[in-house]
There are 2 protein chains.
Amino acid sequence: MKVKATDIAQMNSASEVIYDALRVAITRGDLAEGETLRQDRIARMFNVSRIPVREALMRLEEQGLVTTQRYRGAVVSALSIEEIREIFEFRALLEPEILRYSVERLSPDRLEQASRSCHLFATETDSSRWGDLNRDFHYSLYQDAGRPYYLQVVKTALGRVERYLRAQLVLTDGMARARQEHAAILAACMERDAETAARLTREHILAAGRSLVDILVRQNEAHATMLTETGAP
Amino acid sequence: MKVKATDIAQMNSASEVIYDALRVAITRGDLAEGETLRQDRIARMFNVSRIPVREALMRLEEQGLVTTQRYRGAVVSALSIEEIREIFEFRALLEPEILRYSVERLSPDRLEQASRSCHLFATETDSSRWGDLNRDFHYSLYQDAGRPYYLQVVKTALGRVERYLRAQLVLTDGMARARQEHAAILAACMERDAETAARLTREHILAAGRSLVDILVRQNEAHATMLTETGAP
DNA sequence: CTTGCAAAAATTGGATCCAATAAGCAATAT
DNA sequence: ATATTGCTTATTGGATCCAATTTTTGCAAG
């Protein structure tokens, strides 16, 4: 037999498929924050009933990606600037720690993979792909840490702020800086210098966080000014 | 109008009530790990259909408290010893950090509350209440940190291992030690010594984790020996 | 007595239907 | 003109029903 067998028992249920699709759409920013997700509309999009849609929405809410009010539906969660700041601070605590565990265990294959990811990120011009490639680079370095729980928590945290990160990369010199910082982190990993790699990662995340918060504060101020000038409420 | 109004819109839906009840039952250890949760049975217990039950199970799975296989139902998640070790290590990283942020901001009321919690924990003889009281003490100290995201992550992490903690408190001198360590942490907080409080918290969590892992390893070895001696598979 | 297997029962995932609630709109009173 | 009330529609939460899948049971053969 020359068949590529796939484990049908492990195939995704409808609610999982919908959950994944919505999660990706939200983290990519394809769904605007504050947008309400109508069960019926999503059900028609996937050609299913509302049952699996509601199950997917429950899981998204548990991840903090949507917010639900009874009988009023689910809306894509919006983060305040302070919440974004906190999540970057949080990542800046966890990710260096994971990397510290990981550096000594990085296999040659893994370093090769990280190197490729780093290069792909550095040379990609389509900004809509930057989120994925950034994620690939960081996670490739964390994979060998032997800390699945840490990794899962970091993934959730990044998932919450990823939609805002693109703005930071596009609207400033963020992309150029990220390229350099990724290269430096990778170099430290290759030299098995865990402390340097961890310190660079912490600074990388904190810098991106500060830059992003700056952008958002300025946007807020601009918006507030406009409202005042036009006399809107 | 002299009516005590309560926000009916914020009242819990059936799926939330069921979710909370199951979450508490699992973290308390009232449901054994590996036990399968039948939708129909739970639905009858709460006098509802299976729909809200399934929604609750989805959310529990997202929290890692149950594990689901398609068409085979949900079972209470079991953690390996290594996973438990990792989660304690994780808590030992996060909780001192939260406390560091919190110490300088602790209000007199909050210190009073923490003091009461500490005392209640120290004097409670009913071991089934230790989990709640331990949680109350720690969280009262974290409340003022102004880091809701950290706090939520810590709550999830503790929720995963709480069921094992009782064993640690009961089967060793864990309770006596915990009493002392809590008192020391509280004292450091009252003196606004953030670094000492953080260090003590880290050691407190690491010690409990090591003690728990020891217990579980011994249990495992005893079990394995028994199986060998009786010739069971 | 054990093993293999087909039918029956139990269980889950999902569709359809119904009741409860919110949101929008028209009619009325002030 | 505006605020209040009642009606209509849209939407959600949940119940009931059906199909797909797993698990158990009964029975025959070795």
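Keep in mind the model is a prediction, meaning the values are calculated, not measured. Order of the sequence lines sets the chain letters (A, B, ...), proteins ahead of strands, with each chain counted from 1.
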Please enumerate all residues that pass side-chain contact (heavy atoms from CB on, under 4.5 Å) together with B/T125, with sequence neighbours excluded.
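By the side-chain contact (heavy atoms from CB on, under 4.5 Å) rule, B/T125 matches no residue at all.
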Looking only at non-hydrogen atoms, find the nearest pair between B/F46 and B/A21 and report the distance.
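Looks like CZ-CB, 3.6 Å.
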So if I define the base as every atom that isn't primed, P, OP1 or OP2, how would nucleotides 11-17 of chain D read as a B/S/- string at a heavy-atom cutoff under 4.0 Å?
SBBBBBB
Is there a side-chain contact between B/E62 and B/M58, using heavy atoms and a 4.5 Å cut-off?
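The answer is no; the side chains never approach within 4.5 Å.
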For B/R85, salt bridge (Lys or Arg N to Asp or Glu O under 4.0 Å) partners two or more places apart
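Partners of B/R85 by the salt bridge (Lys or Arg N to Asp or Glu O under 4.0 Å) criterion, ordered by chain and then number, come out as B/E82, B/E89.
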What is the separation between atom CZ on B/R41 and atom P on C/dA9, rounded to the nearest whole Å?
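So the two atoms are 22 Å apart, to the nearest Å.
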Taking the six-membered ring for Trp, are B/F137 and B/F121 ring centroids under 6.0 Å apart?
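No; B/F121 has its ring centre 6.0 Å or more from that of B/F137.
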